[in-house]
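Within every chain, numbering begins at 1; the chains are lettered A, B, ... in the order of the sequence lines, protein sequences first and strands thereafter. Worth knowing before you read on, the calculation uses all heavy atoms, side chains too, and leaves out hydrogens, waters and symmetry mates.
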There are 2 protein chains.
Amino acid sequence: MSDNTKAAASATAAESDTKSRIIGVAERMIATKGAEQVSIRDITREAGVNLAAINYHFGSKERLFAEALARSITAINTTRMAMLDKAEAKAGGRSPSVEALLEAFILPLLHTDENECNRYAHTAKMLSRFFLNPDEEIMHMLRPHFMPLKERLLRLFSAALPEVGKTDVEWRLGQVFAIMHHHMLFADLRCKDLGKKLNVKKELRRLVAFCSAGMRATPDGEAH
Amino acid sequence: MSDNTKAAASATAAESDTKSRIIGVAERMIATKGAEQVSIRDITREAGVNLAAINYHFGSKERLFAEALARSITAINTTRMAMLDKAEAKAGGRSPSVEALLEAFILPLLHTDENECNRYAHTAKMLSRFFLNPDEEIMHMLRPHFMPLKERLLRLFSAALPEVGKTDVEWRLGQVFAIMHHHMLFADLRCKDLGKKLNVKKELRRLVAFCSAGMRATPDGEAH
DNA sequence: GTCTATAACGGGATAGAC
DNA sequence: GTCTATCCCGTTATAGAC
């Protein structure tokens, strides 16, 4: 075991950082087995580092996981930003429609792998972990990773919904987030239990229909 | 591996003191500290029973917690059923409005205590635990506790929304559930971090407005 | 500063005596 | 049915090597 770690260390001297290797291994294992099934013993064994290395570099298991979560969030939000760019370009100088904005928010979450039904199902589960046991430090560390998108969405939705107050727009956006969080939490169950691939197009249509109606609701709740 | 048919048998007989005492203690401790902070060692110490008693009577810690969760669900759903009774009586022979139905579904979840901001915040967290780590046996055990309500809601919403297909009504009801799950998961955070009591009336109005619009959405997502 | 070795701790589960 | 005695595991803390 000792010769293995030495070889790996010398072979990749430039980036043989224990810290980045740990993150890499953690990400891979989480993506494979899910955060709930990954112990730091698994990670350190696989990475060929000592058990205590995680505590030294990250402070705790949760903060290592938060690091991995941040990467996923960044990946998702980059795609969302790109879709917003396209939507804005397509709308010319005008404001993109509520539907276009929702699609940019929702669609990146529905991407599928061949083996994994939903690529980001494990990301949703990691998010849930933090929701279940809120940690102020981690939340603070995560905030920058989704704030830019949130600000932009708030601005764009407010422009698309001039008749809805900004406070309400923000609150309603929170409900869309809630729906998507729940959706992804069960994406793998729906897929694995039913033994069929998810119908992305259909799900997107349903989600956009429900959420756009909610975003546009009049305060008294009568939408028609 | 061990057969669990014995558990069903013991339920019929005069419930062993130990078993009911364990459930009672577990419920109380979960309501006080939250499920995440309660170990079976805490419970057995407090109940004055042996550590192994939980495994003997319930099979596992998770199944004991599921028992406590089932009680909360039953309490909530009894209130919901009563509100549906009233709504149906008020509507005479006609179908209660979407708003009245949503209110019956949502309002019971918003009840507050003096110390606890949301009486069922811990219930939501327990639900989340199971969502995070789905257990087929537990899900099967829980199903009867919310199926009657679900069936009734499906029937009533379908009657109130004749233009929406039953499959869509069910799917949309799932989104309302998602919103409420998320809402309760953060009820305590909103309350404790902001240091102010929740404004139940305002939250109810917002929730009903958003959800009723979503329930009524037209398939293409245009609601106005 | 970086990392290892090891110990201590607390948690859930279980076999087997009674 | 109940209880003791473990077992195994994941996590955390510390001391010290490099």
* Asked: Is B:Lys33 paired with B:Asp42 through a side-chain N to carboxylate O contact shorter than 4.0 Å?
  ->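 Answer for the salt bridge query: yes.
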Take atom [atom1] of [X] and atom [atom2] of [N], then tell me their distance rounded to the nearest Å.
X: A:Asn50; N: C:dA5; atom1: CG; atom2: P; result: 6 Å
X: B:Phe58; N: C:dA13; atom1: CZ; atom2: C1'; result: 16 Å
X: A:Ile40; N: D:dT12; atom1: CD1; atom2: P; result: 6 Å
X: B:Phe65; N: C:dG12; atom1: CZ; atom2: P; result: 8 Å
X: A:Asp17; N: C:dC3; atom1: CG; atom2: P; result: 7 Å
X: A:Arg21; N: C:dC3; atom1: CZ; atom2: P; result: 8 Å
X: A:Leu64; N: D:dT12; atom1: CG; atom2: C1'; result: 15 Å
X: B:Tyr56; N: C:dA13; atom1: OH; atom2: C1'; result: 16 Å

* Asked: B:Asn77 side chain to B:His145 main-chain N or O, any donor-acceptor pair under 3.5 Å?
  ->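 Looks like yes, one N/O pair under 3.5 Å.
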* Asked: Donor-acceptor pair, A:His111 side chain versus A:Arg119 backbone, under 3.5 Å?
  ->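 Not at all, since once roles are kept as given, no pair shorter than 3.5 Å links the two residues.
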* Asked: Touch check for A:Ile54, heavy atoms < 4.0 angstrom, all strands: base, sugar-phosphate only, or nothing?
  -> nothing
* To do: Just call it for A:Ala52: base, sugar-phosphate, or nothing, with non-hydrogen atoms closer than 4.0 Å on any strand.
  =>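 A:Ala52: base contact, heavy atoms under 4.0 Å.
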* If you check every side-chain atom of A:Lys61, which of C:dG12, D:dG10, D:dT2 has the closest atom? ->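 Looking only at side-chain atoms, A:Lys61 lies closest to D:dG10.
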* Asked: Counting side-chain heavy atoms from CB outward, which of C:dG11, C:dC3, D:dA5 is closest to B:Ser39?
  -> C:dG11
* Can you find a donor-acceptor N/O pair under 3.5 angstrom joining the side chain of B:Asn55 to the base of C:dA13? ->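 A donor-acceptor contact between them is absent.
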* Asked: Can you find a donor-acceptor pair, distance only, under 3.5 Å between B:Arg41 side chain and C:dG10 base?
  -> no
* Asked: Between B:Thr18 and D:dT2, is there a side-chain N or O to OP1/OP2 distance below 4.0 Å?
  -> yes
* Phosphate-side-chain proximity, B:His57 and D:dT2, N/O vs OP1/OP2 below 4.0 Å ->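 Answer yes for this pair, as a side-chain N or O of B:His57 is under 4.0 Å from OP1 or OP2.
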* Asked: So, for A:His182 and B:His182, is the gap between ring centers shorter than 6.0 Å?
  ->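 Aromatic pair excluded; centres sit 6.0 Å or further apart.
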* Over-ring placement of A:Lys150 relative to A:Phe177, 6.0 Å and 45° cut-offs -> no
